[in-house]
2 protein chains.
Amino acid sequence: MPAAVDVDDIDHALLRLLGVDGRRTFADMAGTVGLSTAAVKRRVDRLREAGVITGFTVQVDHARLGWGVEAFSEVRYAGSTNVTEIVETASRQPEVQAVYTVAGDLDALVQVRVRDLDHLQEVVDRLRRTGTVTGTRTLMVLGRWTRS
Amino acid sequence: MPAAVDVDDIDHALLRLLGVDGRRTFADMAGTVGLSTAAVKRRVDRLREAGVITGFTVQVDHARLGWGVEAFSEVRYAGSTNVTEIVETASRQPEVQAVYTVAGDLDALVQVRVRDLDHLQEVVDRLRRTGTVTGTRTLMVLGRWTRS
DNA sequence: ACTGAAAGCAGTTTCAC
DNA sequence: GTGAAACTGCTTTCAGT
């Protein structure tokens, strides 16, 4: 468990503002939260140093790039397989966006992004052949909603 | 399906650079991809206009904010429930980060972020009571790996 | 389409209070 | 935490290739 960090309502407001637009300026946010630019800068610096803010990134519409199909693959591995191995083998596939190791009868939930259904087929086949996979079940995403 | 967009290798490189650091400057990227600042600006502008870049955001370590538990809830709804309804009822819960409607015997995959196990219990109970849920199965995330 | 330079401007950063 | 000042350096434009 990471160290607890003191984060008040204004900090949360700043995080929310940066969530909507990660390039918002200190002066702009200062106006919104009712603080000075200097105070906002100090707070954001502090949030970065505390590890609350880990970075900034661009949001991309992958469908526009021709990668219009998204899916989750539930994967089961042989009992001997360890977690590190699971993540390493799955993340090696370029189509894999995220790997979640989970508790329960399932071992991992693998999020993939592919061009089309043929491509999905191929990726799932590839996943099944890697390491010590004993079974998969693929959930194709029809629609998605994401917070903010 | 969205309109196809012409995106060459340099555009991909720019997207990758912005993915790592969404605040990277045009001049900085220009040096890396071997183009002038002006050319990089025009390309990024074009990617925004084409809808490939949908925005910029901050990356937050939620565990540091005291929300250390993540889970996926697989949800089944009564046959009559439509997709819009599913997304609306689930996304109304503040702990819900994302809702994926999926093909198959399952109807939705709901990603939640909570403070602790008691909180998870509570959210799942709440989800089960909303709308026309007929069953859930919750996968608690033990570890995660995300691209880039 | 990209370059290079110049202008202008905005954001960051610092410091005394 | 404020406010102002100084600085930095980024964005933006434009003529030229």
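Convention: sequence-line order gives letters A, B, ...; per-chain numbering from 1.
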> When you look at A/Glu74 and B/Glu74, which way does the side chain to side chain contact (heavy atoms under 4.5 Å, CB included) test go after all the steps?
Replying inline: CA-CA 11 Å; A/Glu74 302 178 347; B/Glu74 301 178 348; 2.3 Å; yes
> What is the distance from atom CG of A/Leu139 to atom CG of B/Asp105, rounded to the nearest 0.5 Å?
Replying inline: 8.0 Å
Check nucleotides 13-16 of chain D against the protein and report each pair of N or O atoms closer than 3.5 Å, with its distance, or say if there are none.
none

> Earliest and latest nucleotide of DNA chain C, 5' to 3', sitting under 4.0 Å from a non-hydrogen atom of chain A?
Replying inline: C/dG11 to C/dT14
> If you look at every strand shown and take non-hydrogen atoms under 4.0 Å, does B/Ser36 touch a base, only sugar-phosphate, or nothing?
Replying inline: base
> Under 4.0 angstrom, heavy atoms only, what part of the nucleic acid is A/Arg23 near: base, sugar-phosphate, or nothing?
Replying inline: nothing
>> Using 0.5 Å steps for rounding, measure from the OG1 atom of A/Thr32 to the CZ atom of A/Arg24.
In response: 6.0 Å
> What is the distance from CG of A/Asp9 to P of D/dG1, rounded to the nearest Å?
Replying inline: 13 Å
> Mapping A/Ile10 and B/Phe26 onto DNA chain D by nearest heavy atom, which one lands closer to the 5' end?
Replying inline: A/Ile10
> Are A/Arg115 and A/Trp67 in a cation-pi contact, defined as NZ or CZ under 6.0 Å from the six-membered ring centre and within 45° of the axis?
Replying inline: yes
> Would a distance-only check, ignoring hydrogens and angles, find a side-chain to backbone donor-acceptor pair under 3.5 Å from A/Asp28 to A/Thr25?
Replying inline: no
>> Rounded to whole Å, how long is the line connecting atom CZ of B/Arg42 with atom P of D/dC10?
In response: 19 Å
>> I want to check a possible cation-pi pair here: B/Arg144 against A/Tyr100, using under 6.0 Å from ring centre and within 45° of the ring axis as the test.
In response: no
> Whole-Å distance between D/dC10 P and B/Arg24 CZ?
Replying inline: 13 Å
>> Check whether B/Thr132 reaches the backbone of B/Thr81 with its side chain - one donor and one acceptor, N or O, closer than 3.5 Å.
In response: no
>> Can you tell me how far apart CZ (A/Arg46) and CG (A/Leu14) are? Round to the nearest 0.5 Å.
In response: 10.5 Å
